[in-house]
Number of protein chains: 2
Amino acid sequence: MVVWMQIDYNILIAYGGIAKKFEKGEYVFVEDSMPHFYYQVIEGQVKVYYSNSDGRELTQGIFSRGQSFGEPPLILNKPYPNFAQALTQCVLIKLGKDNLFKILKDFPEMSHRLFLTFAERMYDMATFSAIMIKPRPQEKLELFLRSLRKEIYSEKRLLVPFTRQQIANFTGLRVETVIRELKKMSKENKVSIINKKLYY
Amino acid sequence: MVVWMQIDYNILIAYGGIAKKFEKGEYVFVEDSMPHFYYQVIEGQVKVYYSNSDGRELTQGIFSRGQSFGEPPLILNKPYPNFAQALTQCVLIKLGKDNLFKILKDFPEMSHRLFLTFAERMYDMATFSAIMIKPRPQEKLELFLRSLRKEIYSEKRLLVPFTRQQIANFTGLRVETVIRELKKMSKENKVSIINKKLYY
DNA sequence: CGCTCGTTTGAGAGGACTCAAGGTAGGTGG
DNA sequence: CCACCTACCTTGAGTCCTCTCAAACGAGCG
């Protein structure tokens, strides 16, 4: 299996990238801090999310092996609008901003790749915005579930690999609301709940 | 005054770009349709927004002279997740996808410019996500207002150039809620309302 | 003046959230 | 093998607060 990498590992190292280990729960960056590095995941998972004082959070994305995150603030030299936290023990490559720009200049194909990644990320964010505008929880959940299988054309209902709490964090709802609405949707046969596992 | 252009007018024309007029209210593209063109504003304003069945809408952005919009779906060849509508009478340049890619290949500086634009757009979208997660209207409004003056460091309160309805559309609230909350904030001296005009 | 568009106010209802508590499953250790 | 712990799921009752609906006001304009 070929592992897709945002920027080739060897290039990152050659240009001064350094691997750093993060413990589970450790923050890679926090809201309002200034960016200094480009981050790319070698191992583990990183969650990027917004949070508010109520302890509620909104997950922007979960990034794994090969993916990079937090580039826009770095490029624009603006403070991070969100948090990045290690979901599991992680190994990340850290690379200084100047070196990143050197790579993008020396390797047009990397530049192009990042460009496409940005387009995809924007498309995903747009889908999320569409979720947020829905006033009814059920509509939010339907849109979220549908967005999960964007690439998958299958007749069968597939297991949704998230806990109720994670779904709540993706949709901006509360856990209890997610549970109650999913139960309703199950009765209407819009989803299946078998042994507490959710299928859509 | 130098007008900033995403891609130089002359290049667009040379590569087959065509100017097209849109009447006020006319749609440039609609949700779920497939993209065929790159659009750049020559004159007028275009609003990009999501909408739901309730007639509520969420404004993603308002684009004017020199700005382009709707690129991610075009690049990814995916259906538009939102609507683009002429707010005023407009003139736009339409350019086929292949020709856009030719330009980006032939003019690395245009490519780089679009790259930076993407970074900015993503940053703005991230700020919006942060707005959406706030459960209280007042927090949403504060974040929105703060985001308006991101570049402007001024002591004085500045006129907010949006109607209550537009603010509602940006924050996902209803007009009445916006009005009531702004009134509260005015009492708390967080904003000024002078002669119905809003200052922040 | 009469139209349109934006703003404002009030009353009422719905529904998601809050809070509290209990259930279930999987993993760990004695 | 059982007791315990932790994480996740579930349920119920009650409150709060935004939304809904309806109506009216003000400004600008032909």
Side-chain angles (χ1 to χ4, degrees), chain A residues 24-25 45 47 51-59 85 87-88 131-144 159-187 191-200, chain B residues 24-25 45 47 51-59 62 85 87-88 131-144 159-188 191-200:
Chain A
K24 176 176 174 178
Q45 290 193 317
K47 176 173 70 173
S51 94
N52 70 359
S53 38
D54 296 18
R56 190 196 295 230
E57 64 173 70
L58 182 67
T59 307
Q85 188 182 27
L87 271 186
T88 62
I131 288 178
M132 300 316 295
I133 202 225
K134 304 292 179 189
R136 268 172 279 288
Q138 183 153 340
E139 291 181 89
K140 286 178 198 259
L141 289 169
E142 274 176 20
L143 241 174
F144 171 69
L159 177 67
V160 177
F162 295 108
T163 67
R164 311 287 194 259
Q165 181 62 61
Q166 285 175 316
I167 295 175
N169 289 344
F170 272 114
T171 53
L173 299 168
R174 300 254 92 161
V175 207
E176 298 94 329
T177 306
V178 170
I179 288 169
R180 289 189 251 256
E181 292 298 325
L182 285 178
K183 193 154 284 183
K184 272 191 220 163
M185 291 167 72
S186 164
K187 276 182 191 145
V191 299
S192 311
I193 300 178
I194 302 168
N195 197 8
K196 297 198 178 174
K197 299 207 177 302
L198 177 65
Y199 296 83
Y200 176 76
Chain B
K24 177 177 173 176
Q45 290 193 316
K47 175 172 72 174
S51 92
N52 69 0
S53 39
D54 295 18
R56 190 196 294 229
E57 64 173 69
L58 182 66
T59 307
I62 293 176
Q85 188 182 27
L87 270 187
T88 64
I131 288 178
M132 300 315 296
I133 202 228
K134 304 293 177 188
R136 269 172 279 288
Q138 182 152 338
E139 292 181 90
K140 286 178 197 261
L141 290 169
E142 274 176 21
L143 240 173
F144 170 70
L159 178 67
V160 177
F162 296 108
T163 68
R164 311 287 195 257
Q165 181 62 61
Q166 284 175 317
I167 296 174
N169 288 344
F170 272 115
T171 51
L173 299 167
R174 301 255 93 161
V175 207
E176 300 93 329
T177 306
V178 170
I179 288 168
R180 288 190 252 258
E181 292 297 325
L182 286 178
K183 193 153 284 183
K184 270 191 223 164
M185 289 167 73
S186 163
K187 277 182 191 144
E188 296 166 15
V191 299
S192 311
I193 299 177
I194 302 169
N195 197 8
K196 295 194 179 177
K197 297 204 177 304
L198 178 65
Y199 296 84
Y200 176 76

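The sequence lines fix the lettering, A, B, ..., with proteins before strands; numbering per chain opens at 1.
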What does P135(B) touch in the nucleic acid at a heavy-atom separation under 4.0 angstrom: a base, only the sugar-phosphate, or nothing?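 The residue P135(B) makes no contact with any strand.
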If you look at every strand shown and take non-hydrogen atoms under 4.0 Å, does Q165(A) touch a base, only sugar-phosphate, or nothing?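 Answer is sugar-phosphate: Q165(A) comes under 4.0 Å of backbone atoms only.
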Is there a donor and acceptor pair closer than 3.5 Å between the side chain of [X] and the base of [N]?
X	N	answer
R180(A)	dG12(D)	yes
E176(B)	dC21(D)	yes
Q166(A)	dC8(D)	no

Whole Å only: how far is the [atom1] atom of [X] from the [atom2] atom of [N]?
X	N	atom1	atom2	result
I179(B)	dA23(D)	CD1	C1'	14 Å
I193(A)	dT24(C)	CD1	P	16 Å
K134(B)	dC17(D)	NZ	P	18 Å
Q138(A)	dG15(C)	CD	P	12 Å
K197(A)	dC8(D)	NZ	P	12 Å
L182(A)	dT10(D)	CG	P	9 Å
N169(A)	dC17(C)	CG	P	12 Å
E139(B)	dT18(D)	CD	P	11 Å

Tell me yes or no: between the side chains of Q138(B) and E188(B), is some donor less than 3.5 Å from an acceptor? yes
Heavy-atom side-chain proximity of Q166(B) to K47(B) below 4.5 angstrom: no
Check whether any side-chain heavy atom of E142(B) lies under 4.5 Å from a side-chain heavy atom of M185(B), and answer yes or no. yes
Counting side-chain heavy atoms from C-beta on, which of [options] comes nearest to [X]?
X	options	answer
R136(B)	dT18(D), dT18(C), dT7(C)	dT18(D)
R174(B)	dT10(D), dT20(D), dC17(C)	dT20(D)
K196(B)	dT8(C), dT10(D), dC8(D)	dT8(C)
V175(A)	dT10(D), dT8(C), dC19(D)	dT10(D)

Gap between atom CZ of F162(B) and atom CD1 of I62(B) - 0.5 Å precision: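 If we round to the nearest 0.5 Å, I62(B):CD1 and F162(B):CZ are 5.5 Å apart.
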How far does CZ of R174(A) sit from CD1 of I179(A), to the nearest 0.5 angstrom? 12.5 Å
Look at the side-chain N and O atoms of T177(A) and state whether any lies under 4.0 Å from the OP1 or OP2 oxygen of dC17(C). yes
Where each residue is assigned the nucleotide of DNA chain C containing its nearest heavy atom, which of E181(A) and N195(A) is assigned the position nearer the 5′ end? E181(A)
